[in-house]
**Q** 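One structure follows; several queries about it will come next.
None of the values given here were measured: they were computed from a predicted structure. A note on names: the letters A, B, ... follow the listed sequences, proteins ahead of strands, and every chain is numbered from 1.
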2 protein chains.
Amino acid sequence: MGDEFCSCDILHENLIEIVKKKMPQEEKLYDLAELFKVFGDTTRVKIISALFEAELCVCDIAVLLGMSQSAISHQLRVLRQARLVKHRKEGKVVFYSLDDEHIKTIFNQGLEHILEPRGFEHAVF
Amino acid sequence: MGDEFCSCDILHENLIEIVKKKMPQEEKLYDLAELFKVFGDTTRVKIISALFEAELCVCDIAVLLGMSQSAISHQLRVLRQARLVKHRKEGKVVFYSLDDEHIKTIFNQGLEHILEPRGFEHAVF
DNA sequence: TGTACATATGAACAATTATTCATATGTTAG
DNA sequence: CTAACATATGAATAATTGTTCATATGTACA
């Protein structure tokens, strides 16, 4: 190995302990990663972005994104399980809409981040 | 197929057009998904969460998370490329810290979402 | 100059995940 | 009850991605 110990550990040992204590529970961080995983797919981001504008049925979304009904339905299930969208049934048709205010904040902050101009440190030459 | 058309399309045709026009560019949505993908991994969420508390070197993080130096280094690269962390070199040691204010908002909104009590619609019996 | 050490990186493997295809469920209209 | 339709879902496949292992880079110090 050789990965286990390094002089650096000794130097920052206390700091590591302090940080460890301040960090949220392991389980919370796991759930948080699961949540962001849901945002981390182009199809789902597009669906969310569409539902930002209006309530839509499954078929609308499929047409809008040019994808199969099945693919959309599978992704809507993921979004539902993460409680990001809610659904309303009207006869055969199921309408989906956003379920949460946090989504808008997360989404917009994400957009702001990617639109931010790059500093020197990040320049890709 | 049979997925291509449905009566539903005809009903909401106008709505689809309106939504399509309002949605951000395809490319932006792709980048956004890429950004969230970076948040969507337990190891990286833990790293971010640790850097919330203090600037740390690679080795500190490896010890803190009980993972190999290599694994951490690979993940730090991903975080760097997404401009979520910045680094500062001091001799052999490289210190990492958070690079962006949006991260904190995104992170906290995410936490609020997962900590939110579940409504009836989402109850898992 | 050479050794020790912190970090970075390439390749390979294992695990996860999105989409497709086929089919099931549930609702409406005849 | 049956046919038509919107949506959901299971299984399989294809693509993506995280970690490991081995090794490279670059800095400090003797």
**Q** What is the distance from CD1 of B:I72 to P of D:dT19, rounded to the nearest Å?
**A** 8 Å
**Q** In this structure, how many angstroms lie between the C1' atom of D:dA6 and the CG atom of A:L56, rounded?
**A** 15 Å
**Q** Nearest-Å distance, CG (A:L79) to C1' (D:dA8)?
**A**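 A:L79 atom CG is separated from D:dA8 atom C1' by 15 Å.
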**Q** Can you figure out which of D:dA8, D:dC21, D:dT19 approaches the side chain of B:S70 most closely?
**A** D:dC21
**Q** Spell out, yes or no, whether A:F95 and A:L76 are grouped together once hydrophobic residues are joined by side-chain heavy atoms under 4.5 Å, including indirect joins.
**A** no
**Q** Side chains of B:Y96 and B:R88: donor-acceptor distance under 3.5 Å anywhere?
**A**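 Per modelled atom types, B:Y96 and B:R88 side chains form no pair under 3.5 Å.
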**Q** Quick check: are there more than 12 heavy atoms from other residues, nucleotides or ligands sitting under 6.0 Å from CD of A:Q81?
**A** yes
**Q** Please check this pair: side chain of A:D31 against backbone of A:K28, looking for a donor-acceptor N/O pair closer than 3.5 Å.
**A**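 It does not hold such a pair.
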**Q** A:R80 has a side chain; which of C:dT9, D:dT19, D:dA8 sits nearest to it?
**A** D:dA8
**Q** Using the side-chain heavy atoms of A:H74, tell me which of these nucleotides is nearest: D:dT7, C:dA8, C:dC21.
**A**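 Nearest to the side-chain atoms of A:H74, counting from C-beta on, is C:dC21.
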**Q** Nearest whole Å is fine: how far is C:dT7 P from B:L76 CG?
**A** 10 Å
**Q** Side chain of A:C57: nearest nucleotide among C:dT9, D:dT7, C:dC21?
**A**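 So the nucleotide nearest the side chain must be D:dT7.
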**Q** Does a side-chain N or O of B:Q69 approach OP1 or OP2 of C:dA8 to a distance below 4.0 Å, or not?
**A** no
**Q** Could you tell me whether the phosphate oxygens of D:dT20, OP1 or OP2, come under 4.0 Å of any side-chain nitrogen or oxygen in B:S68?
**A** yes
**Q** Nearest-Å distance, CG (B:D60) to P (C:dA6)?
**A**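 Answer to the nearest Å: 11 Å.
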**Q** Please determine if A:K20 and B:E53 form a salt bridge, counting it only when a charged side-chain N lies under 4.0 Å from a carboxylate O.
**A** no
**Q** Just how far, in rounded Å, is P of C:dT27 from NE2 of A:H87?
**A** 12 Å
**Q** What parts of residues 89-96 of chain A reach DNA chain D, counting only heavy atoms under 4.0 Å away?
**A** A:K92, A:V93, A:V94, A:Y96
**Q** Specify the separation, in whole Å, of atom CG of B:L65 and atom P of D:dT20.
**A**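 Nearest whole value for this atom pair: 12 Å.
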**Q** Is A:H113 reaching over with its side chain to a backbone N or O of B:A82, donor-acceptor style, under 3.5 angstrom?
**A** yes
**Q** Which one of A:I48, A:N108, A:L79, A:L51 satisfies the side chain to side chain contact (heavy atoms under 4.5 Å, CB included) criterion with A:I103?
**A**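 Of A:I48, A:N108, A:L79, A:L51, side chain to side chain contact (heavy atoms under 4.5 Å, CB included) with A:I103 is met by A:I48 alone.
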**Q** To the nearest Å, how far apart are B:R77 CZ and C:dA11 C1'?
**A** 13 Å
**Q** Heavy-atom count around B:Y30 OH within 6.0 Å, excluding the residue itself: above 12?
**A**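 Check fails, neighbour count at 12 or below.
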**Q** For DNA chain D, what residues of residues 24-46 of chain A have any heavy atom nearer than 4.0 Å?
**A**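 None, since no heavy atom is under 4.0 Å.
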**Q** Would you check if the distance from the ring center of A:F39 to the ring center of B:F39 is below 6.0 Å?
**A** no
